[in-house]
Structure formats: C-alpha cells, structure tokens
Amino acid sequence: MKFKACALSGLVVFLFLSAGTDKTSLTEGYRLGDKAPNIKPSESDETINFSHSTCYSLVNFWAAYDADSRVSNMKLSNKVSELDSTLINFYSVSMDEYQSVFEETLKTDKLDEKNHFLDKNGKESSVYKSYGLKNGLRSFLIDENGVIVAINITPEELSEKVNGTLSLN
C-alpha cells in the first residue's frame, strides 16, 4: 500500500512539474510580440536593422538543402516584388555553407541578388541560434517598430497584411 501511495504521489508531482506554462513552449528563438534583433550575415558588410524602419520588414531564412524553405523563399520573394516597395522591405538570408551553392540556387530560382544574403556559418551562425532556427527555417514579419507580428506568413497573408486588410495581432 505504501508503494502505491508513493508511486501515485510521484506521478502527481511529475505531471504537475511537466505541465509547464505557455512560455515554456519555445526555449530558443523569438515569438510574436518580441523585438527582432538586428541581423549581421557573416558574408555581408551590411547589418539588417529593424528598429529604424518606416515600413514592414520580412526576413526569410532558407537553405538550398531545405526544399520547403527554398520554395517559401521563392514564393515570398515573388510576392514582395508585386507589392508597393514603400510598404515592405524583404531580406532573404541563406543558411548554406558554400557561396557557390548560394549563388547557383539564386540563378536556378531566378531570384535577384539584391536582398539575398548568405550566412556561411550555417547552423553554427549566431543568427541561426538566436532566431531558434534549429526548430525549422522560417520567416518573420516585423513591423515599423521592430516587433515581430507574424511568423511563417504565407504570400497571401503577407499581401493582405501589407495592404491593411488582415489583422495578425
């Protein structure tokens, strides 16, 4: 009988401790409402700064080895090119480790190099770690105050949000 009581007490304590809170769902990276930090890709002299923007910024992380992120990058890039450039800035950050892979992928996918950056440190990059990308490469929509307002937004949602017809908050 004592064993059953101990086991039951232990189970209750375990369930209580493992229940957690809504803030324990993500231990790394940024969530909706967080301030987006600046990004300094390893292969660029440019720092992507979100706190001094006058419009939305969309930053998309992708890699040639990740088919879903690559397709998403093409779709988002094409959608942004259709939108009013005074309303949104687009930054595409490749987490590939080789310049040649990055350049060839841009050519193959017919993407302009203008807003595409390479972080050759890949999974070892401070950007990769700080944005919690080990949980998957994704995109972040950031408002003019530098606050993340959407994660993994679709091209359709992006168009609606930028044009003011969709509320994501």
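Transitive grouping of hydrophobic side chains (ILVMFWY, heavy atoms separated by less than 4.5 Å) brings I151 and Y30 into a common cluster. Taking hydrophobic clusters as Ile, Leu, Val, Met, Phe, Trp and Tyr residues chained together by side-chain heavy-atom distances below 4.5 Å, I153 does not share a cluster with V71. Transitive grouping of hydrophobic side chains (ILVMFWY, heavy atoms separated by less than 4.5 Å) keeps W62 and I142 in distinct clusters.
Side-chain atoms of F102 and H116, non-hydrogen and from C-beta on, do get closer than 4.5 Å to each other. In this structure the side chain of Y128 reaches within 4.5 angstrom of the side chain of L137, judged on heavy atoms. Between L133 and R138 there is a side-chain heavy-atom pair separated by less than 4.5 Å. Contact of the S139 side chain with the L58 side chain is registered, since non-hydrogen atoms from C-beta on lie closer than 4.5 Å.
Under the side-chain contact (heavy atoms from CB on, under 4.5 Å) criterion, D109 pairs with R70, M74, T105, L111, not counting sequence neighbours. Shown here are the side chain to side chain donor-acceptor pair (under 3.5 Å) partners of D143, two or more places apart in sequence or in another chain: there are none. Legend: residues meeting side chain to side chain donor-acceptor pair (under 3.5 Å) with T86, ordered by chain and number and at least two apart, are D84.
Checking each of Y91, F117, F50 against I39 for a side chain to side chain contact (heavy atoms under 4.5 Å, CB included) leaves exactly one that passes, namely F50. Under the side chain to side chain contact (heavy atoms under 4.5 Å, CB included) rule, L87 has a single partner from V80, V162, T54, which is V162.
Within a 6.0 Å radius of CD in Q99, other residues, nucleotides and ligands contribute more than 12 heavy atoms. More than 12 heavy atoms of other residues, nucleotides or ligands sit less than 6.0 Å from atom OH of Y65. More than 12 non-hydrogen atoms from other residues, nucleotides or ligands lie less than 6.0 angstrom from NZ of K40.
Listed for the D66 side chain is no donor-acceptor partner under 3.5 Å among the backbone atoms of A63. Counting only distance, with no hydrogens or angles, the side chain of S57 and the backbone of N89 share no donor-acceptor pair below 3.5 Å. The main-chain N or O of N49 is never found under 3.5 Å from a side-chain atom of T47 such that the two would form a donor-acceptor pair. In this structure a side-chain-to-backbone donor-acceptor pair under 3.5 Å is missing from E124 to N121. In this structure a side-chain-to-backbone donor-acceptor pair under 3.5 Å is missing from S159 to E156. Using a distance-only test at 3.5 Å, with no hydrogens or angles considered, a donor-acceptor pair links the side chain of K35 to the main chain of N145.
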- Message: For a side chain to side chain contact (heavy atoms under 4.5 Å, CB included) check, start with the C-alpha distance between M95 and K123, then their side-chain angles and the critical distance, and finish with the verdict.
- Response: CA-CA 7 Å; M95 304 312 291; K123 294 178 180 179; over 6 Å; no
- Message: Quick one, F61 with Y131, criterion ring-ring contact (aromatic ring centres under 6.0 Å, His included). Give me CA distance, side-chain angles, the key distance, then yes/no.
- Response: CA-CA 10 Å; F61 296 99; Y131 273 84; 5.1 Å; yes
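Side-chain N/O atoms of N73 and S92 include a donor and acceptor closer than 3.5 Å.
Of all heavy-atom pairs between I148 and A36, the closest is CG1-CB, 4.0 Å. When all heavy atoms of K79 and P155 are compared, the pair lying nearest together is CG-O, 3.5 Å. Closest non-hydrogen pair, L141 versus K161, comes out as CD2-CG, 3.7 Å.
Atom CD of E157 is separated from atom CG of N152 by 9.5 Å, given to the nearest 0.5 angstrom. Taking NZ of K110 as the start and OG of S77 as the end, the distance is 13.5 Å to the nearest 0.5 Å.
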